[in-house]
Amino acid sequence: MSSLAEDRYFDPDPGVRRLARALYEETRGLPIISPHGHVDPRILAEDTPFPEPAALLVQPDHYVLRLLYAHGLRFEDLGIPRRDGAPVESDPCKVWQRFADHYYLFDGTPTGAWLNYELHEVFAIAEPLSGDTAPRIYDEIREKLGSPEFRPRALFERFNIEVLATTDAATDALDQHRAIRESGWTRRVIPTFRPDTLFRITAPEWPAAVDRLGVRDYSGFIEALAERRTYFKAMGATATDHAVVAPYTAALRPETADRLFRLALDGKAAADDERRLTAHLLMEMARLSLEDGLVMQIHAGALRDHNRLVFDRFGRDRGADIPVATEFTRNLRPLLNAYGNDTRFTLVVFTLDESTYSRELAPLAGHYPALRLGPPWWFHDSLEGMRRFRERTTETAGIYKMAGFNDDTRAFCSIPARHDLARRLDANYLAGLVARHVIAEHDARRIARALAYDLAKQTYRL
Amino acid sequence: MSSLAEDRYFDPDPGVRRLARALYEETRGLPIISPHGHVDPRILAEDTPFPEPAALLVQPDHYVLRLLYAHGLRFEDLGIPRRDGAPVESDPCKVWQRFADHYYLFDGTPTGAWLNYELHEVFAIAEPLSGDTAPRIYDEIREKLGSPEFRPRALFERFNIEVLATTDAATDALDQHRAIRESGWTRRVIPTFRPDTLFRITAPEWPAAVDRLGVRDYSGFIEALAERRTYFKAMGATATDHAVVAPYTAALRPETADRLFRLALDGKAAADDERRLTAHLLMEMARLSLEDGLVMQIHAGALRDHNRLVFDRFGRDRGADIPVATEFTRNLRPLLNAYGNDTRFTLVVFTLDESTYSRELAPLAGHYPALRLGPPWWFHDSLEGMRRFRERTTETAGIYKMAGFNDDTRAFCSIPARHDLARRLDANYLAGLVARHVIAEHDARRIARALAYDLAKQTYRL
Amino acid sequence: MSSLAEDRYFDPDPGVRRLARALYEETRGLPIISPHGHVDPRILAEDTPFPEPAALLVQPDHYVLRLLYAHGLRFEDLGIPRRDGAPVESDPCKVWQRFADHYYLFDGTPTGAWLNYELHEVFAIAEPLSGDTAPRIYDEIREKLGSPEFRPRALFERFNIEVLATTDAATDALDQHRAIRESGWTRRVIPTFRPDTLFRITAPEWPAAVDRLGVRDYSGFIEALAERRTYFKAMGATATDHAVVAPYTAALRPETADRLFRLALDGKAAADDERRLTAHLLMEMARLSLEDGLVMQIHAGALRDHNRLVFDRFGRDRGADIPVATEFTRNLRPLLNAYGNDTRFTLVVFTLDESTYSRELAPLAGHYPALRLGPPWWFHDSLEGMRRFRERTTETAGIYKMAGFNDDTRAFCSIPARHDLARRLDANYLAGLVARHVIAEHDARRIARALAYDLAKQTYRL
């Protein structure tokens with residue numbers, strides 16, 4: 001990997017490449033709509049300079065961490081804090097050096113593509129990162145981070161972000177969002193309502209979370225959820241987000257929901273109770289979305305914290321979440337039958353099981369008015385992954401049932417990298433269709449813009 | 001979308017494109033073998049002019065309907081009759097206008113490719129369809145439909161159809177087929193024996209269907225099925241067709257089959273009884289195929305009428321059938337062990353679960369003499385879908401275990417559109433193999449012809 | 001198919017082709033590392049001339065047999081011995097003629113590509129094989145087989161094989177390997193420890209196999225396995241191999257393992273007992289691998305002997321093994337949690353279910369240090385199969401979590417054919433990445449070498 005080629009990621013065929021470049025030129029300058037992601041709003045509320053390169057680019061990025069870990073590097077040596085407080089590497093220069101020594105591991109990965117963009121486009125680093133160049137590049141980035149142009153809000157503006165949605169616990173007071181609003185800075189940073197912790201009635205965190213809501217029975221619980229949604233909406237939210245292993249939905253009778261909730265309060269809920277109550281709560285969320293207009297998102301299929309040792313020692317989000325096969329046709333049927341025919345409702349679905357693209361998701365989105373397909377998620381937000389997504393969903397669902405791109409990132413500086421990659425690949429995909437006379441060039445221009453900007457804005461009601 | 005490019009759907013690489021065009025030129029003029037489809041034989045029995053464009057191209061095509069519905073159009077506004085008789089749009093010009101206003105939704109879909117072919121090649125429309133051109137194009141098509149060259153039999157001849165198979169309920173008297181035969185028109189239109197309704201012992205339609213057969217016990221039922229098969233064969237049928245959610249096969253002991261059948265007669269059969277009896281009846285169908293030589297087809301994996309509201313209001317086949325994951329290796333084992341080694345038997349299998357192409361179906365077809373692979377079905381009968389099918393099955397099953405193309409359509413005018421698309425994509429696929437020196441050009445010519453014509457004719461014994 | 005084009009299997013785009021050829025030129029001459037395969041060591045121990053073409057190229061190759069069988073050829077007519085001793089074709093010329101008459105069936109299959117290589121590169125046959133040329137080519141190959149240059153060891157040297165691993169029953173005395181070592185021939189042929197028969201406690205072969213070990217209880221059994229591993233290691237083995245339908249792993253309590261083993265000794269073990277004990281024994285194998293350093297391989301997802309008739313009449317390995325859907329995320333979790341974080345342990349996993357590439361295997365290998373991905377296996381060791389494997393695993397797992405190529409073949413002469421094909425396709429894949437500016441050309445050169453040689457050598461500790 002070295003500095004960035006102007007025609008990167010485009011097909012080598014000269015005709016396709018010329019078309020791809022032309023389509024990309026029409027979208028590269030569009031503002032960024034980022035309707036789903038995990039940037040910490042504190043960064044923008046406080047607007048203090050980022051500390052140094054390792055804390056910015058290595059330590060918070062589970063994509064980076066997992067591949068280093070997979071090659072035998074210890075998290076301790078990367079300065080990742082242990083839950084037991086045992087000492088870990090405290091010198092960020094050493095962390096950066098270890099990362100740079102293994103930078104070749106990212107060859108051919110989307111993480112490599114994003115990092116190259118960040119180094120060369122965001123930080124204007126001229127030479128490729130390697131063990132040799134690591135110290136110089138470290139110093140150069142560190143110095144830049146100290147300048148006003150590299151403070152978070154300045155970068156937000158430079159990145160041309162029109163809207164950034166964060167993801168926030170349903171019980172969050174949204175103080176950071178309030179601080180941003182009250183700061184006088186006029187860019188749009190909005191929360192997203194994510195009640196997962198409240199739905200996991202067997203999890204150790206559940207009692208405390210429910211306590212924070214101050215509810216005592218199921219009907220109070222639903223009221224509290226509705227109230228929290230209203231609060232989030234007042235703070236700018238336009239969407240909710242729900243992470244589940246299986247996207248199972250099913251309505252319970254009120255007395256059953258009530259009974260399961262009481263079991264949970266008594267600490268006696270079992271895994272199957274949680275499964276059934278979650279299925280019912282997803283139905284309730286759809287019902288409330290019809291009322292309050294919040295777009296509903298379901299992310300299905302990640303088995304979290306697969307690696308017990310990593311979880312025990314370092315906690316969540318360290319790159320040890322692994323996908324499982326996922327079923328949508330039967331699981332979503334109750335919810336889609338109840339609410340999917342209503343054009344006022346929008347449900348965006350994400351999967352980690354690519355076999356569902358053409359088998360289940362595109363046919364469902366190609367029928368139910370309320371359903372849209374989220375972009376390729378997580379492991380599949382990659383060059384080949386995005387190509388597979390387009391090739392397997394477009395023909396059945398059509399372009400206009402897509403939710404548009406979202407970057408889904410925790411790594412603030414990767415936002416423009418990810419949108420640029422997506423815009424390039426969509427331009428290239430459309431160029432291939434034009435070259436094969438599947439669509440006309442003027443249609444491709446309209447579609448390129450929709451994929452880069454319009455669809456995300458419409459879908460998330462921004 | 002606009003008028004049709006001569007090199008459409010071919011790879012942009014000039015070498016591949018030249019080869020693809022040459023291979024396509026060898027197959028484009030071959031007669032159409034249509035061994036599996038859903039055209040209403042009444043059209044050809046009566047040979048009355050098609051009424052007008054909306055009734056011909058929009059209303060009967062569930063591919064068109066579902067994508068319009070998915071974007072919020074109401075079936076009522078498209079003139080789809082409601083089961084409760086409530087009024088729906090009665091002006092076909094308005095239906096056509098709504099369709100045309102949304103024609104951009106079909107960009108990049110196979111339905112768009114077929115419709116473009118129909119408009120430009122079948123009806124010689126010069127300008128692209130859009131909201132603006134809708135009224136003029138409506139009038140132009142409507143006028144043509146009134147002329148003798150656009151009556152069904154004339155189109156059949158113009159389309160160069162050698163054989164057209166329809167799909168018919170096992171209890172059908174085949175009056176339309178009889179009328180065609182007795183009309184003196186000598187083109188070949190044949191029925192296909194489809195006993196699904198008789199196998200769904202828990203369905204509300206079952207008692208009436210069994211009544212029509214006039215049977216009282218299981219052995220009488222099997223005899224009646226054998227008789228109906230004989231009748232279909234006498235009327236020209238060469239194949240049977242069976243739609244199942246899971247392709248489960250298993251032989252029952254006679255007394256068990258008898259008991260399940262009696263349960264069904266008493267209205268006491270449960271879902272699992274139906275599952276077991278269907279598994280057994282598929283075995284019986286294979287046994288009878290060995291006797292009477294009818295080719296057996298199994299279509300697996302469509303969960304019908306996923307959307308209760310659409311089913312209740314508008315009935316079947318409105319685009320609300322959704323695929324589910326499908327298992328063949330274990331499910332077909334009993335049937336293949338009993339009959340799959342017999343070269344006199346032919347079983348053609350279709351799937352909606354593309355993950356089974358390389359994992360199960362190609363290995364099975366690459367071993368059992370009786371098994372052939374049906375072409376990519378329904379959602380997968382598309383540009384990318386056909387490419388995936390070839391790439392994932394050819395290397396393991398070989399070209400000559402394919403069943404050839406079939407159009408599977410209800411929309412009469414889409415027949416040449418679908419065959420043309422398939423011939424183009426197969427020519428392009430083979431051109432890619434020649435360009436990469438995987439096969440020689442003279443072999444590609446032979447294979448192109450096999451895929452376009454010979455294999456369907458051989459497989460279905462036409 | 002005819003003689004071999006110099007640029008075969010490369011993309012037609014001139015730029016990609018030029019790059020692919022350049023990358024291939026750097027790897028084509030590298031020695032062959034063959035760390036997993038099924039060549040009979042007796043061939044190299046005895047070094048007697050191969051008898052004649054049919055016995056060399058047709059009869060031992062289940063890839064060839066299954067496709068001929070699938071097209072209606074009888075195994076009897078191909079000279080495959082029946083278990084009941086009934087007569088089969090005894091004239092190898094007739095077997096060869098039947099094979100050649102149907103050689104077109106291999107068009108577009110990897111078997112066709114390998115056979116073409118063997119005919120043209122190994123045996124220097126000038127004309128294409130067909131029914132017409134069959135007798136001449138038979139004579140030409142037969143004559144060559146009689147010359148010293150075509151004896152097994154000479155071919156081994158000509159093929160430039162650096163290491164060849166065979167696969168051997170855990171109870172095997174390894175006499176052939178001993179004979180090779182004691183013969184003074186210095187090439188490296190090593191065994192692989194495969195204890196499958198000992199793990200299948202319900203199989204008819206189990207009592208005899210356990211008897212050969214001379215053990216009476218579970219702890220003796222584990223000791224015996226450890227001893228056999230030590231013996232294999234002393235004879236050069238660096239790896240173990242385990243074939244399972246589902247890769248289920250789970251530790252049992254000692255008393256449970258003991259009880260299941262006693263049930264097995266008493267002939268009372270049921271399928272679920274075998275499933276549980278195998279899951280536990282895989283854990284034990286991983287534990288022993290940590291001790292003795294043998295690399296552990298798991299091959300999952302083949303349902304053996306799907307066709308009862310073929311198995312009863314001709315026995316195993318006749319091309320009637322069919323893949324099933326396979327789950328790794330949950331099944332491997334216990335083993336990976338126990339041993340997967342240990343960098344001293346290496347586990348190589350193979351699948352027949354391509355849907356697991358991007359969904360489960362790449363994410364697992366992209367996290368656990370001990371896990372590496374085996375190359376595309378069996379049906380997927382093909383042109384398109386290798387492309388799909390690279391495209392679906394590289395972006396998530398990275399290049400350096402791959403186990404490198406292995407040929408997995410029983411057919412000795414196909415070894416160079418298979419490595420050549422893999423080297424060409426990897427060169428082409430990397431050329432595509434370079435052409436799209438995903439990686440730099442000098443990185444591609446390093447990676448091409450890793451995929452062709454280094455990774456297999458490192459992974460298998462050779």
Side-chain angles (χ1 to χ4, degrees), chain A residues 11-16 19 325 327-330 332-333 336-338 340-341 343 353-372 388 390-401 429-440 442-444 446-447, chain B residues 1-2 4-14 17 63 65-67 69-74 102 104-113 128 301-303 306-310 318-326 351-356 378-385 387-388 428:
Chain A
D11 269 11
D13 178 87
V16 175
L19 278 163
E327 205 284 338
F328 291 96
T329 302
R330 290 184 168 103
L332 285 183
R333 193 178 192 182
L336 290 172
N337 268 264
N341 290 296
T343 54
D353 180 353
E354 293 182 299
S355 76
T356 65
Y357 285 166
S358 68
R359 186 179 61 215
E360 304 175 31
L361 293 179
L364 285 167
H367 171 72
Y368 284 99
L371 188 62
R372 293 207 179 206
R388 286 196 291 271
R390 291 272 171 257
E391 290 178 356
R392 297 189 194 178
T393 62
T394 305
E395 294 183 313
T396 290
I399 286 289
Y400 291 93
K401 293 305 299 273
Y429 167 69
L430 295 169
L433 295 185
V434 173
R436 288 182 286 138
H437 304 289
V438 177
I439 56 174
H442 65 271
D443 293 322
R446 168 175 47 80
I447 295 169
Chain B
M1 298 173 177
S2 68
L4 303 184
E6 194 48 47
D7 279 339
R8 64 189 183 276
Y9 317 138
F10 296 153
D11 269 11
D13 179 87
R17 183 164 284 191
Y63 290 82
L65 293 180
R66 70 167 180 76
L67 212 54
Y69 185 78
H71 281 88
L73 277 81
R74 298 168 66 242
H102 293 85
Y104 71 98
L105 296 176
F106 296 94
D107 281 358
T109 69
T111 305
L303 191 72
H306 189 274
N307 189 335
R308 167 73 36 190
L309 181 142
V310 163
R318 298 304 183 190
D321 303 333
I322 308 291
V324 292
T326 307
T351 190
L352 292 175
D353 180 353
E354 293 183 299
S355 75
T356 65
W378 201 336
F379 304 101
H380 309 310
D381 178 17
S382 66
L383 287 79
E384 295 297 339
R387 187 176 58 71
R388 286 196 292 271
N428 189 61

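In what follows, chains carry the letters A, B, and so on, assigned in the order in which the sequence lines appear, proteins first and then strands, with residues in each chain numbered from 1. Treat the numbers as computed from the prediction; the structure is a model and nothing was measured.
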Legend entry - Whether B:Glu384 side chain and A:Glu395 backbone form a donor-acceptor pair below 3.5 Å: no
Inset, instruction - Would you indicate whether the side-chain heavy atoms of B:Arg66 and A:Thr396 approach each other to under 4.5 Å? - result: yes
Inset, instruction - Counting only heavy atoms closer than 4.5 Å, note whether B:Ser355 contacts chain A via side chain, backbone, both or neither. - result: side chain
Inset, instruction - List the steps and the verdict of ring-ring contact (aromatic ring centres under 6.0 Å, His included) for B:Tyr69 and A:His367. - result: CA-CA 6 Å; B:Tyr69 185 78; A:His367 171 72; 5.2 Å; yes
Inset, instruction - Quick one: which of A:Thr343, A:Asp13, A:Asp11 has the most heavy-atom pairs under 4.5 Å with chain B, could you say? - result: A:Asp13
Legend entry - Spatial distance of atom OH (B:Tyr104) from atom CD1 (A:Ile439) [nearest 0.5 Å]: 14.5 Å
Legend entry - Point-to-point distance, once rounded to the nearest 0.5 Å, from OH of A:Tyr368 to CG of B:Leu309: 9.0 Å
Inset, instruction - Taking the side chain as every heavy atom from C-beta outward, state whether B:Asn307 and A:Asn341 have any pair of such atoms under 4.5 Å apart. - result: yes
Legend entry - Gap separating the CZ atom of A:Phe328 from the CD1 atom of B:Ile322, nearest 0.5 angstrom: 13.0 Å
Legend entry - Selection from B:Leu352, B:Val324, B:Leu67 maximising heavy-atom pairs under 4.5 Å formed with chain A: B:Val324
Legend entry - Whether B:Asp107 side chain and A:Gly398 backbone form a donor-acceptor pair below 3.5 Å: no
Legend entry - Neighbour count above 12 (heavy atom, 6.0 Å) for A:Arg446 CZ: yes
Inset, instruction - Measure distances from B:Phe10 to the heavy atoms of chain A and classify the residue's part below 4.5 Å as side chain, backbone, both or neither. - result: backbone
Inset, instruction - Tell me, out of A:Thr356, A:Leu433, A:Leu371, A:Leu364, who's got the most heavy-atom pairs with chain B below 4.5 Å. - result: A:Leu364
Legend entry - B:Arg388 and A:Ser358: CA distance, side-chain angles, deciding distance, side chain to side chain contact (heavy atoms under 4.5 Å, CB included) verdict: CA-CA 11 Å; B:Arg388 286 196 292 271; A:Ser358 68; 4.2 Å; yes
Legend entry - Shortest non-hydrogen contact between B:Gly108 and A:Val438, atoms and distance: CA-CG1, 4.0 Å
Legend entry - Heavy-atom contact with chain B under 4.5 Å, split by part of A:Leu430: neither
Legend entry - A:Ala365 portion near chain B, given a 4.5 angstrom heavy-atom threshold: backbone
Inset, instruction - Under 4.5 Å, counting heavy-atom pairs only, tell me which of B:His306, B:Arg8, B:Arg17 racks up the most with chain A. - result: B:His306
Inset, instruction - Among B:Ser382, B:Ala5, B:Gly319, single out the residue with the greatest number of heavy-atom pairs under 4.5 Å to chain A. - result: B:Ser382
Legend entry - Minimum side-chain heavy-atom gap A:Arg359-B:Thr326 below 4.5 Å: no
Inset, instruction - Could you tell me which non-hydrogen atom of B:Tyr9 sits nearest to which non-hydrogen atom of A:His437, and how far apart they are? - result: CE2-O, 4.1 Å
Legend entry - Inter-residue atom distance A:Thr394.OG1 - B:Leu383.CG, 0.5 Å rounding: 11.5 Å
Inset, instruction - Please look at A:Ala325 and chain B and tell me whether the side chain, the backbone, both or neither of the residue comes under 4.5 angstrom of a heavy atom of that chain. - result: neither
Inset, instruction - Pick whichever of A:Glu327, A:Glu354, A:Arg392, A:Glu360 has the most heavy-atom pairs under 4.5 Å with chain B. - result: A:Arg392
Inset, instruction - Find out whether B:Leu303 and A:Arg333 are in side-chain contact, i.e. whether some heavy atom of one side chain is under 4.5 Å from a heavy atom of the other. - result: yes
Inset, instruction - Kindly compute the distance separating CD1 (A:Ile399) from CZ (B:Phe106), expressed to the nearest 0.5 Å. - result: 14.0 Å
